[in-house]
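Read through the structure below, which is laid out as structure tokens, and then see the notes.
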Amino acid sequence: INYLGDKQKNDNDFKEVVSEITRFSVGSNPRALKRLLNSLSLINSINKNMNEEENENNTNDNLDKLINFALVNIQIAYPQIYKLLVQYPNFTGWDDKIAIQMNLPKINDDINLKLDAQEEFDEEWEKVLFRVCEKDYFLKKKVLNISRLLNKVRSIIEDAKENTGEIISQIISLSSVTNLEAFDKPVVNYHKGSLLKGVRRNVVESLKKVFPDKDILYEGKRVQSNAFFSIESFNKWRIWSWAHEGKIRMGFVASEPLGWSFQDFNKNLEQANLKEEFENMRSEFVKIIAKYSDFESENLKHHTWQEFYYIHFYFNLTLPNIDSFYKENIINAIVDIVAKSHTMMKKTKEMCSRIEEQTKEQYEKWKNK
């Protein structure tokens with residue numbers, strides 16, 4: 001059905017992951033495999049039709065293909081789990097609060113101890129999954145495979161340095177076109193690539209007026225589930241969107257390194273006498289986002305990648321329809337946040353240099369070990 005591209009067809013590691021996903025879900029049942037292929041064929045046709053004029057070079061194609069493949073497998077093999085992912089896509093964040101919303105029975109202390117001893121159920125979200133499966137005879141028999149499957153999905157997303165909830169939300173709307181059951185929360189159907197390209201174009205052209213002396217460039221050859229642009233080459237922004245509770249949510253993020261990750265993040269700041277300066281910058285970012293009612297942020301969260309801590313200048317907005325994203329006040333708000341974030345990211349580069357200078361000797365000792 002040509003679901004895989006030429007590179008993917010020749011990538012044995014990629015094909016092994018595809019096989020592993022299916023082993024944990026539909027297995028080798030001929031009817032289930034046929035339904036899987038029919039669903040993927042339909043999705044592939046829709047996707048090609050929506051993007052027929054776009055370049056085929058997409059750096060995120062492997063991630064999109066694998067997660068979509070996994071979601072279709074889950075939809076066919078474990079429809080109840082799929083429904084939960086539609087409602088609560090950030091499955092690694094499932095906790096007791098979500099369990100109460102799901103009306104799940106509690107587990108006693110003895111079972112809890114046994115779960116703690118198993119790799120597949122020692123995290124809180126895995127215990128919520130266990131409680132979900134306990135209510136259904138079929139899922140109860142398959143609970144180990146389901147946990148392994150979701151853990152595989154998580155590792156794929158985390159290896160790509162993406163957010164689990166955001167990726168599932170983005171891609172699940174495509175797999176849902178093959179679903180014959182109705183959900184409580186409606187799925188918004190829209191051409192994601194066209195919306196992202198349109199918003200990016202308006203934002204970039206407005207930024208050129210704000211920064212007439214800076215290079216502001218379109219990045220990437222294809223816009224399917226992500227759109228990229230950069231300011232002064234170092235400040236690269238990613239835009240993506242997904243259906244959210246009957247509306248459309250759009251996310252924006254740019255990241256900048258802030259010190260080596262061989263020691264605690266706060267210790268880096270303290271050693272370079274930058275803790276107060278960083279907290280002031282965080283507070284400034286929060287105030288910028290708070291000016292706009294439709295916008296939310298994660299307040300300069302950080303994560304490690306390779307040997308560095310990275311600060312995320314992330315924000316999102318949720319609007320009722322496509323046209324809302326093209327309104328002048330919305331574009332102006334996005335441009336304002338991006339422009340001010342750019343100034344803060346320049347500060348972050350300076351702070352990073354100071355941290356590296358202050359911790360250079362300890363870093364070298366750590367690296368030698």
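In this text, all values refer to a predicted model and were calculated from it rather than measured experimentally.
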With no hydrogens and no angle check, do the side chains of [X] and [Y] hold a donor and an acceptor under 3.5 Å apart?
X: Gln101; Y: Gln87; answer: no
X: Ser41; Y: Asn38; answer: no
X: Ser147; Y: Asn145; answer: no
X: Arg238; Y: Asn226; answer: yes
X: Asn268; Y: Lys275; answer: no
X: Asp264; Y: Tyr309; answer: no

Problem - Sub-6.0 Å ring centroid separation between His302 and His312 - result: no
Problem - Centroid separation Phe211 to His342 less than 6.0 Å - result: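 Yes, the ring of Phe211 comes within the 6.0 Å limit of the ring of His342, centre to centre.
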Charged N to carboxylate O below 4.0 Å: is that the case for [X] and [Y]?
X: Arg200; Y: Glu219; value: no
X: Arg354; Y: Glu357; value: no
X: Glu126; Y: Arg148; value: no
X: Glu205; Y: Lys208; value: yes
X: Arg154; Y: Glu123; value: yes
X: Lys15; Y: Asp11; value: no
X: Lys127; Y: Asp122; value: no

Problem - Tyr292 vs Ile337 side-chain heavy atoms within contact, under 4.5 Å - result: yes
Exercise for the section: Answer yes or no: is there a side-chain heavy-atom contact under 4.5 Å between Ile157 and Ile168? Expected result: yes
Problem - Tyr314 six-ring centre to Lys301 NZ/CZ under 6.0 Å and within 45° of normal - result: no
Problem - Row check, Tyr78 ring normal vs Lys142 NZ/CZ: under 6.0 Å, within 45° - result: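 Judged by the rule (NZ or CZ under 6.0 Å from the ring centre, within 45° of its axis), Lys142 is not positioned above Tyr78.
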Practice task
Would you list the pairs meeting salt bridge (Lys or Arg N to Asp or Glu O under 4.0 Å) in which at least one residue belongs to residues 84-112, sequence neighbours left out?
Solution key: Asp96-Arg131
Handout entry: Test item: Lys152 side-chain N/O and Glu20 main-chain N/O as donor-acceptor pair under 3.5 Å
Key =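 No; judged by distance alone, with no hydrogens or angles, the pair does not exist.
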Problem - Shortest non-hydrogen separation from Leu63 to Ile156 and the atoms involved - result: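 Closest pair (atom of Leu63, atom of Ile156, distance): CD1-CG2, 3.8 Å.
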